[in-house]
Amino acid sequence: MSADQMLAFETDCHIFEGCGFPAPGLHSFVFEPLFTVGGFEFNKPMLLAILGSLVVVGFFWAAFGRAKVVPGKLQMIGEAGYDFVRRGLVYDALGKKEGEKYVPLMVSLFFFVWMMNLWSIIPVASFPVTSIIAYPAGLALMVYILWVGLTFKKHGFVGAWKNITGYDKTLGWILPLIVVLEFFSNLIIRPFTHAVRLFANMFAGHMLIVMFTIASWYLLNGIGIAYASASFVMTIVMTAFELFIQAVQAYVFVLLACNYVQGALAEHH
């Protein structure tokens, strides 16, 4: 690790002491392996992703493992969350009849993404797993494969390409341009933006929280204490705002997934 990177982890550096501000950067998202199993290295984000999966599965297992006609508090919370995704996302996009089969997948996606985001504001963890591009990209790829598979299953080979490219002979001379644009938009840009939208928001949010947190400590010296207090208030404000954004990004990610499935199942005209 370089000297510049080491600055971000110094804890005895304050303003007026001759040391520069230890600004966060890309190194704040790089983690050394914690241990190795069978030649496979595990770092902090990987462990948080695994733990997050266990938390989500454990919660729904506890909520519905012994479901009762008169639900307890945990079951009520689980049902509320499940019903929110089912009615507010899946049914709205796909309809009740067509969408019911996709409810388990979308519920799983929503709560997994939300949990991965929530790690950012949980003490000790303090890192959103989705700020590492590989995780949103993997989830977006899964949705992409589902969308493409459903499109070809529903419409057949020729019909699927018409669906993907927006082929409509009534467009006349502009048809070739539309086909090219729709092809690149659907097959290349769509999965890219689906992943980057989640990644970029979590990356930027975590960077801001880290910056104000470090600034609060760095300014804690002499007259800088007044500025440190303001920075600390901003840390609290940004953390509260990030809590809202984390839920919104999980919602948007699943909403787009539902819209993609709806597009795959829609009749081509």
Side-chain angles (χ1 to χ4, degrees), residues 52-53 56-57 59-61 63-64 67 71 75-118 130 135-168 170 178-179 181-199 201-202 244-269:
S53 301
V56 173
V57 172
F59 169 77
F60 281 102
W61 185 276
F64 299 117
Q75 185 179 334
M76 287 181 64
I77 296 173
E79 288 179 352
Y82 188 91
D83 204 48
F84 168 75
V85 177
R86 180 175 61 178
R87 296 182 182 277
L89 289 170
V90 182
Y91 284 4
D92 280 357
L94 302 172
K96 183 176 181 180
K97 180 179 178 180
E98 196 69 55
E100 189 63 41
K101 67 180 74 172
Y102 301 102
V103 171
L105 172 63
M106 298 306 173
V107 169
S108 300
L109 270 178
F110 177 84
F111 285 98
F112 179 75
V113 172
W114 193 16
M115 188 67 238
M116 296 304 98
N117 296 346
L118 277 173
T130 44
Y135 294 93
L139 294 172
L141 178 61
M142 182 177 66
V143 174
Y144 177 78
I145 292 173
L146 173 65
W147 167 65
V148 172
L150 286 174
T151 301
F152 279 88
K153 181 180 179 181
K154 173 73 175 180
H155 303 283
F157 185 80
V158 175
W161 283 112
K162 288 183 177 180
N163 182 287
I164 291 171
T165 59
Y167 178 86
D168 186 348
T170 63
I178 296 298
V179 167
L181 290 176
E182 287 294 308
F183 176 85
F184 281 98
S185 174
N186 289 327
L187 289 183
I188 299 175
I189 298 175
R190 172 179 288 187
F192 176 77
T193 56
H194 196 194
V196 170
R197 181 181 286 103
L198 174 59
F199 156 73
N201 278 278
M202 291 301 100
F244 169 73
I245 293 299
Q246 289 162 358
V248 169
Q249 287 305 310
Y251 180 90
V252 170
F253 189 89
V254 176
L255 177 63
L256 290 174
C258 290
N259 287 337
Y260 297 159
V261 172
Q262 189 276 332
L265 300 177
E267 293 295 337
H268 178 72
H269 299 286

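The basis for the numbers below is simple: all heavy atoms, side chains too, and nothing from hydrogens, waters or symmetry mates.
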Student: Looking at side-chain heavy atoms only, is the closest gap between Y260 and T151 below 4.5 Å?
Tutor: no
Student: Which heavy atom of S53 sits nearest to which heavy atom of F112, and what is that distance?
Tutor: OG-CE1, 3.1 Å
Student: Could you check whether any side-chain heavy atom of F60 comes within less than 4.5 Å of a side-chain heavy atom of V107, counting everything from C-beta outward?
Tutor: yes
Student: Compare every heavy atom of A63 with every heavy atom of G78, then report the nearest pair and how far apart it is.
Tutor: CA-CB, 4.4 Å
Student: Flag the pair N163 / F152 as yes when at least one side-chain heavy-atom distance between them is below 4.5 Å, and no otherwise.
Tutor: no
Student: Between L150 and A264, which heavy-atom pair has the shortest distance, and what is it?
Tutor: CB-CB, 3.9 Å
Student: CZ of F199 to CZ of F192: how many Å apart, nearest 0.5 Å?
Tutor: 9.5 Å
Student: Compare all side-chain heavy atoms of L109 with those of L139 and state whether any distance is below 4.5 angstrom.
Tutor: yes
Student: Quick check: closest heavy atoms across G52 and M116, and the distance to 0.1 Å?
Tutor: CA-CE, 3.4 Å
Student: I'd like to check N201 versus V252 (side-chain heavy atoms, cut-off strictly below 4.5 Å). Are they in contact?
Tutor: no
Student: Does any part of the side chain of T130, heavy atoms only, come nearer than 4.5 Å to the side chain of Q249, both counted from C-beta?
Tutor: no
Student: Does H194 use its side chain to pair, donor to acceptor, with the backbone of P136 at less than 3.5 Å?
Tutor: no
Student: Mind checking the OG-OH spacing from S108 to Y82? Nearest 0.5 Å is all I need.
Tutor: 8.5 Å
Student: Quick one: do E100 and R86 satisfy side-chain contact (heavy atoms from CB on, under 4.5 Å)? Show the steps, please.
Tutor: CA-CA 8 Å; E100 189 63 41; R86 180 175 61 178; 4.1 Å; yes
Student: A quick test of your reading: do over 12 heavy atoms of other residues, nucleotides or ligands sit less than 6.0 Å from CE of M142?
Tutor: yes
Student: How long is the gap from CG on D168 to CD on E182, to the nearest 0.5 Å?
Tutor: 11.0 Å
Student: Does the Q246 side chain pair with the main chain of N117, one donor and one acceptor, at a distance under 3.5 Å?
Tutor: yes
Student: Ignoring hydrogens and geometry, is there a side-chain-to-backbone donor-acceptor pair from D83 to E79 under 3.5 Å?
Tutor: no
Student: Provide the closest heavy-atom pair for N186 versus P191 in the form atom of the first, atom of the second, distance.
Tutor: O-CD, 3.7 Å
Student: How about V113 and Y135: do any of their side-chain heavy atoms sit closer than 4.5 Å?
Tutor: no
Student: Quick one: sort the F84 and Y251 rings into parallel, tilted or perpendicular, breaks at 30° and 60°.
Tutor: tilted
Student: Taking the six-membered ring for Trp and the single ring otherwise, decide whether the centroids of F59 and F111 are under 6.0 Å apart.
Tutor: no
Student: Which value, rounded to the nearest 0.5 Å, describes the distance between D92 atom CG and N259 atom CG?
Tutor: 10.0 Å
Student: Could you grab the distance from atom CD of Q262 to atom CD of E98, nearest 0.5 Å is fine?
Tutor: 10.0 Å
Student: Do Y144 side-chain atoms and I188 backbone N/O form a donor-acceptor pair below 3.5 Å?
Tutor: no
